[in-house]
Number of protein chains: 2
Amino acid sequence: MQTETDSLFKELHELGLRLTPQRIAIVRYIFESQDHLTAQQIYEALKPQFPSLSLATVYNTLDLLMKLGKVNVLGHIGDDIVHYDSNTQPHVNLGCVKCKKIEDVPSELAGHMSDEISLASGYTLLGSRILYYGICKSCQLEQELFTQ
Amino acid sequence: MQTETDSLFKELHELGLRLTPQRIAIVRYIFESQDHLTAQQIYEALKPQFPSLSLATVYNTLDLLMKLGKVNVLGHIGDDIVHYDSNTQPHVNLGCVKCKKIEDVPSELAGHMSDEISLASGYTLLGSRILYYGICKSCQLEQELFTQ
DNA sequence: ATTACTGCAAAAGATTTGCACTAGG
DNA sequence: CCTAGTGCAAATCTTTTGCAGTAAT
């Protein structure tokens, strides 16, 4: 079976880019995790296997993947760190400002919206970043407990 | 006539917050400009009138307005600077990755989406940040000219 | 009078850069 | 081989912080 990462490796290769063990590991890690990772998180996760790995390489690779349209840049929610999203399909990210978690929400409308936008604006769309923020159910509960 | 900024000043006052000339100027500038400003831009724009103004105060005020839900934090597009948006109504921001401009796009769907999200997730929504990025019409044209 | 707010300068923290070295093709 | 990619450390740049002084209420 041809996985998403396999075809990405093929594509990198066809562009004349080198398949270094670091890139392979970083790409694998991003696509296998469904999280909205930061460069730091990726670095720390791979450090045990690649003691020599440098943060700069992680940033380089993320930048490369972004330019190829393989990851989306989510930006910050509350913290000041850029989060990357391996899910490039139009979808909604929902962040809790209290516990800082970010989850994906399936949205029918998100899919339609990009069509609407590109038609109305004449832009060639490269990607999107849809982030709603608020307080998640469990943090709401916690809040209620404290105010009683 | 009661303007948007006037009622905001009233609200600040009622919260026991002080109406300093700096805050008034910053708030005015953000709400009068329809742009997606950065702290630096606000600082530089007001510096001539307030030679003593400090960047820290701009950041403080932006942070305050954000916590009051009066401005949205847009995040970066390509550059690495946080842009703030005085338009807190659900709407779509469209950024050009070449010329870095960000414009607002009216979208019928954007209004419906927050209802869909909050219903599906159980979150108490505080705000949203919808950013599409791509290449604007004039940058597309420029690109075509270069490849001919 | 109080004390919230400001301005300054220093600090913190994320990301980028320059460069010599290494290794993928 | 050749040169793209890596790792390291220093540099850069945005944002935050601590604190003494200032001004809004």
Side-chain angles (χ1 to χ4, degrees), chain A residues 8-30 36-68 71 73-84 100, chain B residues 8-30 36-68 71 73-84 100:
Chain A
L8 174 50
F9 291 143
K10 208 173 132 196
E11 188 175 336
L12 288 173
H13 188 254
E14 278 159 6
L15 285 165
L17 299 166
R18 292 185 184 168
L19 285 180
T20 65
Q22 293 90 332
R23 279 188 179 164
I24 293 172
I26 293 168
V27 165
R28 284 243 167 80
Y29 189 71
I30 297 170
H36 301 76
L37 302 165
T38 66
Q40 195 66 238
Q41 286 172 333
I42 297 166
Y43 172 71
E44 277 162 20
L46 298 178
K47 194 74 180 168
Q49 305 160 54
F50 287 86
S52 78
L53 182 68
S54 126
L55 243 186
T57 298
V58 177
Y59 278 109
N60 280 341
T61 305
L62 285 168
D63 203 50
L64 179 70
L65 293 172
M66 193 192 67
K67 282 179 181 147
L68 292 172
V71 300
V73 183
L74 247 194
H76 335 148
I77 61 142
D79 54 13
D80 251 317
I81 314 165
V82 174
H83 293 255
Y84 296 84
K100 307 289 186 207
Chain B
L8 175 50
F9 291 142
K10 207 173 132 197
E11 189 175 333
L12 287 173
H13 188 253
E14 279 161 3
L15 287 165
L17 299 166
R18 292 184 183 170
L19 283 180
T20 65
Q22 293 90 330
R23 279 188 179 163
I24 293 171
I26 293 168
V27 165
R28 284 241 165 81
Y29 188 72
I30 297 170
H36 301 77
L37 302 165
T38 66
Q40 194 66 238
Q41 286 172 334
I42 297 166
Y43 173 70
E44 277 161 20
L46 298 177
K47 194 75 181 172
Q49 305 160 53
F50 288 86
S52 79
L53 180 66
S54 124
L55 243 186
T57 299
V58 177
Y59 278 108
N60 280 342
T61 306
L62 285 169
D63 202 51
L64 180 70
L65 293 172
M66 192 190 69
K67 282 178 180 148
L68 293 172
V71 299
V73 183
L74 246 194
H76 336 146
I77 60 140
D79 54 11
D80 252 317
I81 314 163
V82 174
H83 293 255
Y84 295 85
K100 309 288 187 209

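Quick caveat, the model's predicted, so the values are computed rather than measured. Here is how names work: the chains are called A, B, and so on, in the same order as the sequence lines, proteins then strands, and each is numbered from 1.
- Atoms OH (A:Tyr59) and P (C:dT15) sit 3 Å apart, rounded to a whole Å.
- With the end axes of the helix from C:dA1-D:dT25 to C:dG25-D:dC1 each set by five pairs, the angle from one to the other reads 40° at 10° resolution.
- Spacing between atom CG of A:Leu46 and atom C1' of D:dT6 amounts to 15 Å, rounded to whole angstrom units.
- Under 4.0 angstrom from either OP1 or OP2 of C:dG7 there lies at least one side-chain N or O belonging to B:Thr57.
- Protein atom CG of B:Leu15 is 16 Å distant from nucleotide atom C1' of C:dC5, rounded to whole Å.
- By the 4.5 Å heavy-atom criterion applied to side chains, A:Ile30 and A:Tyr84 are not counted as neighbours.
- Following rounding to the nearest Å, A:Arg18 (CZ) and D:dC1 (C1') show an atom-to-atom distance of 11 Å.
- Put simply, CD on B:Gln22 is 10 Å from C1' on D:dT22, counting in whole angstrom units.
- Mapping A:Phe50 and B:Gln40 onto DNA chain D by nearest heavy atom places A:Phe50 at the nucleotide closer to the 5' end.
- Within 4.0 Å (heavy atoms only), B:Pro21 reaches sugar-phosphate atoms of the nucleic acid but no base atom.
- Contact annotation: A:Thr20 does not reach the phosphate of C:dG24 (side-chain N/O to OP1 or OP2, under 4.0 Å).
- The separation between B:Asp63 atom CG and D:dT14 atom C1' is 14 Å, rounded to whole Å.
- Rounded to an integer number of Å, the gap from CD1 of A:Ile42 to C1' of D:dT6 is 17 Å.
- At least one side-chain heavy atom of B:Leu68 sits less than 4.5 Å from a side-chain heavy atom of B:Leu15.
- Applying side-chain contact (heavy atoms from CB on, under 4.5 Å) to B:Gln22 and the options B:Leu46, B:Thr57, B:Val58, B:Val27 leaves one that passes, B:Thr57.
- A straight line from CG of A:Leu55 to P of D:dA10 spans 16 Å, rounded to a whole angstrom.
- Between A:Lys67 and A:Leu64, the closest side-chain pair of non-hydrogen atoms is not below 4.5 Å.
- Side chain of B:His83 to main chain of B:Thr38: no donor-acceptor pair is present (N/O by atom type, distance under 3.5 Å, no hydrogens or angles).
- In terms of position on DNA chain D, the residue among B:Leu19 and A:Leu53 whose nearest nucleotide sits closer to the 5' end is A:Leu53.
- Looking at B:Leu65 and B:Leu8, their side chains come closer than 4.5 Å, going by heavy atoms from C-beta outward.
- Side-chain contact between B:Phe9 and B:Leu12: present, with at least one pair of heavy atoms (C-beta onward) separated by less than 4.5 Å.
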